[in-house]
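For reference, the structure discussed in these notes is given below.
Hydrogens, waters and symmetry mates play no part in the numbers below; they use all other heavy atoms, side chains included. For ligands, and for the atoms within them, numbers begin at 1 and follow the listed sequence.
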Amino acid sequence: MGTANCDEVALVTGAAGAIGQAVVLALAGAGAPVAAVDVNAEALRELERQAVGKGLAVTGFAADVTSTGQVEAAVAAAEERVGPIDRLVNTAGVLRAAPALALTDDDWEQTFAVNTTGVFRVSSAVTRRMVERGTRGAVVTVTSNAAAVPRMHMAAYGASKAAAAAYTKNLGLELARYGIRCNVVGPGSTDTPMLRSLWHDESGPANTLNGVPSEYRVGIPLGRFATPADIADAVEFLLSERASHITMHDLLVDGGATLGR
Ligand SMILES: NC(=O)c1ccc[n+]([C@@H]2O[C@H](COP(=O)([O-])OP(=O)(O)OC[C@H]3O[C@@H](n4cnc5c(N)ncnc54)[C@H](O)[C@@H]3O)[C@@H](O)[C@H]2O)c1
């Protein structure tokens with residue numbers, strides 16, 4: 001999907017992950033200089049090496065979104081080396097699946113530290129700079145359809161994603177007057193290692209596709225998993241000028257798995 005504003009600088013967190021990489025490559029492939037941020041420095045270097053090999057303007061900045069200092073340093077370095085950031089995509093995320101009563105304090109705190117507070121930290125650092133210099137911009141936070149409906153063993157994850165969605169939409173309300181749009185993309189089951197980590201035997205994929213009544217889970221009406229590129233397409237659209245009158249929207253990309261919730 002083409003973007004009218006393809007020369008605008010983008011910062012993507014979770015850039016070394018499956019969905020993050022798809023977002024980085026889509027934006028950079030459309031001509032955008034991209035600052036790629038991830039805690040996994042080695043995977044980030046490999047992404048940068050591959051992207052630069054294809055002639056894409058991707059620069060890696062290793063940072064942990066749970067650290068205010070590292071986030072500030074990465075955003076400052078990205079602005080200095082890549083340019084003023086116009087577009088932000090929050091995809092960094094962790095999943096600790098466990099029955100609600102088995103969740104530890106550490107599970108809960110780490111989940112929120114990355115999925116919620118990380119989104120707050122990076123979004124604040126980036127949009128504060130947009131407001132200070134008086135430039136328009138766009139933010140997309142990747143949450144999950146588990147933020148929209150309860151899922152077995154996803155109490156911490158779903159709660160962290162619902163909070164990140166609410167934060168992003170509130171930010172969109174306050175920053176609308178500056179021309180900064182803030183939207184949410186909620187993927188459903190997307191074929192990545194994170195999804196595969198939930199499958200414990202060979203029935204896993206079929207159960208996800210067809211649903212599991214005993215777990216109150218419907219399947220995927222469109223009959224397939226999302227690809228990382230499906231998610232990147234939605235992100236790219238919401239960042240683009242084609243979405244210039246869309247803000248505070250929560251776009252589920254889940255093949256209908258939450259029945260249009
Ligand atoms: N795969 C799915 O089915 C699915 C479904 C719904 C939502 N999501 C969400 O999409 C996003 C990407 O998921 P994915 O499947 O590509 O997973 P992934 O594990 O491949 O990618 C997540 C990336 O985030 C990075 N990360 C984790 N903690 C970090 C931290 N503290 N600081 C900086 N980076 C950190 C990881 O290093 C990794 O590169 C996540 O937010 C996830 O919750 C995924």
Which ligand 1 atoms are under 4.0 Å away from a heavy-atom of [X]?
X: Ser144; value: 6 (C), 7 (C)
X: Thr91; value: 11 (C), 12 (C), 40 (C), 41 (O)
X: Val94; value: 27 (C), 28 (N)
X: Asp64; value: 30 (C), 31 (N), 32 (N)
X: Val65; value: 30 (C), 31 (N), 32 (N), 33 (C)
X: Val142; value: 10 (O)
X: Lys161; value: 40 (C), 41 (O), 42 (C), 43 (O)

Would you kindly say whether [X] and [Y] are connected by a side-chain donor-acceptor distance under 3.5 Å?
X: Arg242; Y: Ser240; result: no
X: Asp86; Y: Thr135; result: no
X: Ser203; Y: Asp201; result: yes

Which residue and atom name correspond to the protein heavy atom nearest [atom], and how close is it?
atom: atom 35 (C) of ligand 1; answer: Val39 CG1, 3.6 Å
atom: atom 17 (O) of ligand 1; answer: Met194 CE, 3.5 Å
atom: atom 6 (C) of ligand 1; answer: Pro187 O, 3.3 Å
atom: atom 16 (O) of ligand 1; answer: Ile19 N, 2.8 Å
atom: atom 3 (O) of ligand 1; answer: Thr190 N, 2.8 Å
atom: atom 21 (O) of ligand 1; answer: Gly17 CA, 3.3 Å
atom: atom 22 (C) of ligand 1; answer: Gly93 O, 3.7 Å

Validation row: Val126, Val139 side chains within 4.5 angstrom (heavy atoms):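 They are not in contact (no side-chain heavy atoms under 4.5 Å apart), so the answer is no.
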
side-chain hydrogen bond (donor to acceptor under 3.5 Å, both in side chains) partner of Ser160, chosen from Asn115, Thr143, Thr117: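 So the option named by the test is Asn115.
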
Could you see which bit of [X] sits under 4.0 Å from ligand 1, with heavy atoms only: side chain, backbone, both or neither?
X: Thr192; result: side chain
X: Ala18; result: both
X: Thr143; result: backbone

Is a side-chain N or O of [X] found less than 3.5 angstrom from the main chain of [Y], in a donor-acceptor match?
X: Asp233; Y: Asp230; answer: no
X: Thr247; Y: Cys182; answer: yes
X: Asp191; Y: Pro228; answer: no
X: Thr127; Y: Met130; answer: no

Test applied, side-chain contact (heavy atoms from CB on, under 4.5 Å); reference residue, Pro187; option that passes from Thr91, Thr192, Val142: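 So, applying the side-chain contact (heavy atoms from CB on, under 4.5 Å) to Pro187 and each of Thr91, Thr192, Val142, only Val142 qualifies.
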
Compute the minimum heavy-atom distance from [X] to ligand 1 and say whether it is under 4.0 Å.
X: Val114; result: yes
X: Ala63; result: yes
X: Tyr157; result: yes

Nearest neighbour of atom 37 (O) of ligand 1 from the list Asp38, Val185, Asn90, on a heavy-atom basis: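 Closest candidate by heavy-atom distance is Asp38.
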
Option whose closest heavy atom lies nearest to atom 4 (C) of ligand 1, chosen from Ala41, Gly188, Ser189, Ala164: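 Looking at heavy atoms only, Gly188 sits closest to atom 4 (C) of ligand 1.
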
Over 12 non-hydrogen atoms of neighbours within 6.0 angstrom of CD in Glu174: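 Incorrect, the count does not exceed 12.
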
Spatial distance of atom CZ (Arg133) from atom OH (Tyr178) [nearest 0.5 Å]: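 Nearest 0.5 Å value for the CZ-OH distance: 14.5 Å.
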
Aromatic plane relationship, Phe120 with Tyr167 - under 30° parallel, 30 to 60° tilted, over 60° perpendicular: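 Geometry flag for Phe120 against Tyr167: perpendicular rings.
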
